[in-house]
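One structure below.
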There are 2 protein chains.
Amino acid sequence: MPRAGDGERNAAGVDPEQLWLRPAESRRGRKPSFSREQITETAVALADAEGLEAVTMRRVAAEVGAGVMSLYSYAPDKETLLELMVDHVSGELPATDARTGDWRADLKTIAHLQRALMLRHPWLPGALATRRSLGPHTLAFLESVLAALRPTGLDGAARLEAFAQLTAFVSGHVSYEIAQATAARSADRSAAEARYLATVAADGHHPELAEALAAPGRPLTPEATFTRFLDRLIDGLDSD
Amino acid sequence: MPRAGDGERNAAGVDPEQLWLRPAESRRGRKPSFSREQITETAVALADAEGLEAVTMRRVAAEVGAGVMSLYSYAPDKETLLELMVDHVSGELPATDARTGDWRADLKTIAHLQRALMLRHPWLPGALATRRSLGPHTLAFLESVLAALRPTGLDGAARLEAFAQLTAFVSGHVSYEIAQATAARSADRSAAEARYLATVAADGHHPELAEALAAPGRPLTPEATFTRFLDRLIDGLDSD
DNA sequence: TCTATTCTCGTACGCTGTACGGAATGAATG
DNA sequence: CATTCATTCCGTACAGCGTACGAGAATAGA
């Protein structure tokens, strides 16, 4: 399972049974004007376009064309809405049940798909850092990763841990990748930072930093770096 | 450098030159009643005791015995205060300049120190997920890791990236570790979750999940898992 | 003593998530 | 058909957040 908490006090959230196991058999009462799907999709689109911090209840409601408090008929709180968003985009991951016979290759393929998903939804690593989803799409993905991990010979707990570790790795890498890209894009900020680092490097107390900054080497593509670290991680997965 | 951003709109922060390069030569004017150090330490203590979300400007001010707005004489905004906190605790990392001659062992030692730091300050992974510090302690630590990485033969950019990747890995792992521990501690929540997962596992569509949950295997200590993944990552560091 | 400078902090504003409760809706019941 | 009652819709309100503003207090140099 993906990680959660991150040192904050346990965010708790809502009972997963209540959240995910609802055939929704409301016979009586007023007909819903919106749908959970619709609201979730709107929130996802908003996060894609303007970042996770643009996703406020008021903003989502406005975008959907509903009153703010109407959202609370579809999700008990904002935290839950975020879980719905995470699970929703997880549905974009194809259920690659076609195993090639080489589990390492399979896992690498999966990780690259996960990376692509996170690049498509740059808010996803940030959202995953503080919560996890146990929704149907997430569980389907978990299921397929567990299947891919079967040939490793790892036991149950270890397979679950490997899944968490891989997700955390991809998430961490994409975070870094995005940070680099946006830093390069906002010129002022990164220029000030570069000047500051140059100052520090020139003080004589940071020779290693000075050299690392001076000799950048061939610029690796993020993709290449990702692949390299990923391969290390996966290749060593079944040892001991 | 550690990661930042996490898909959120660039939090920006404040010019690092303004922040970190200040001999503070105020001759005239009223004497400060507090100090940046004091405020930072208070905030760290608060986060240690009650989590990162307890660190509000009002709360820190109250704890310090100052008015809320007085904090803004010492840090231009909350984001900066968090950077100060991150750099402050980074000062607890010993500058292990004693290299053993085995760079892999050196890096593993460093990573274990980092993990211990994060376990001591459980809010740190969460804080690191959205920002990074370029303060003196952080840079000193960076310097020592770069030195340890020198024998790998990686070029400048690759060494910086390796540092970021290692930090992200440790951070990710400790997040997971903490989440597991706190989940186990809050009985209600994890019981509901276990029941839900059991339901899902029983639906026939998640055989892998069912088996992974059923056959937990010997319970690995977090420490052991950490070491195992860390070793994989570091052992493969110089290949390409 | 006067003046320039700096720190202190009460008040206030706009933002957040969401509790509450009344109005609207519509299926089930009498 | 009238009534009941579950359900959804949502305006209002509240506590809490980060922080802009500016008035007052303190201090060093002139």
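Residue numbering restarts at 1 for every chain, and letters A, B, ... go by the order of the sequence lines. No hydrogens, no waters, no symmetry mates; every other heavy atom, side chains included, goes into these values.
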Side-chain donor/acceptor contact of R30(A) with base of dT8(D) under 3.5 Å: yes
Along DNA chain C (nearest heavy atom to each residue), the more 5'-positioned of R28(B) and F34(B): R28(B)
Atom-pair distance (CG on D77(A); P on dA19(C)), nearest Å: 8 Å
Any S70(B) side-chain nitrogen or oxygen under 4.0 Å from OP1 or OP2 of dC9(C): yes
d(CG, L52(A); P, dT16(C)) in whole Å: 14 Å
Mutual orientation of the aromatic rings belonging to H112(A) and F226(A) [parallel < 30°, tilted 30-60°, perpendicular > 60°]: perpendicular
V68(B) or K31(A), whichever maps to the more 5' nucleotide of DNA chain D: K31(A)
Steps toward side-chain hydrogen bond (donor to acceptor under 3.5 Å, both in side chains) verdict (E161(A), T225(B)): CA-CA 8 Å; E161(A) 238 158 37; T225(B) 313; 3.2 Å; yes
Atom-pair distance (CD1 on I39(A); C1' on dC9(D)), nearest Å: 12 Å
Sugar-phosphate only, base, or nothing, as touched by Y72(A) at under 4.0 Å among non-hydrogen atoms: base
Between P of dT16(C) and CD of E79(A), the distance in whole Å: 18 Å
Contact under 4.0 Å: S33(B) side-chain N or O vs dC7(C) OP1/OP2: no
d(CZ, R59(B); C1', dG16(D)) in whole Å: 14 Å
Euclidean distance, atom CE of residue M57(A) to atom P of dG11(D) [Å, nearest integer]: 15 Å
Distance-only donor-acceptor test (3.5 Å): side chain R58(B), base dG18(D): yes
Trace of the side chain to side chain contact (heavy atoms under 4.5 Å, CB included) decision for L119(B) with E177(B): CA-CA 9 Å; L119(B) 288 174; E177(B) 203 171 319; 3.8 Å; yes
Evaluation steps, side chain to side chain contact (heavy atoms under 4.5 Å, CB included), between H173(B) and Q165(A): CA-CA 7 Å; H173(B) 180 88; Q165(A) 208 57 245; 3.3 Å; yes
Spacing between L81(A) atom CG and dT16(C) atom P, to the nearest angstrom: 14 Å
Nearest-nucleotide 5' precedence on DNA chain D, K78(B) against A66(A): A66(A)
Phosphate contact (dT8(D) OP1 or OP2) by Y74(A) side-chain N/O below 4.0 Å: no
Sugar-phosphate, base or nothing in reach of G29(B), heavy atoms under 4.0 Å: base
d(CE, M69(B); C1', dA23(D)) in whole Å: 13 Å
Candidate list D87(B), L134(B), V14(B), test side chain to side chain contact (heavy atoms under 4.5 Å, CB included), partner L19(B), passing option: V14(B)
Touch class at under 4.0 angstrom, heavy-atom based, for T56(A) against every strand present: sugar-phosphate
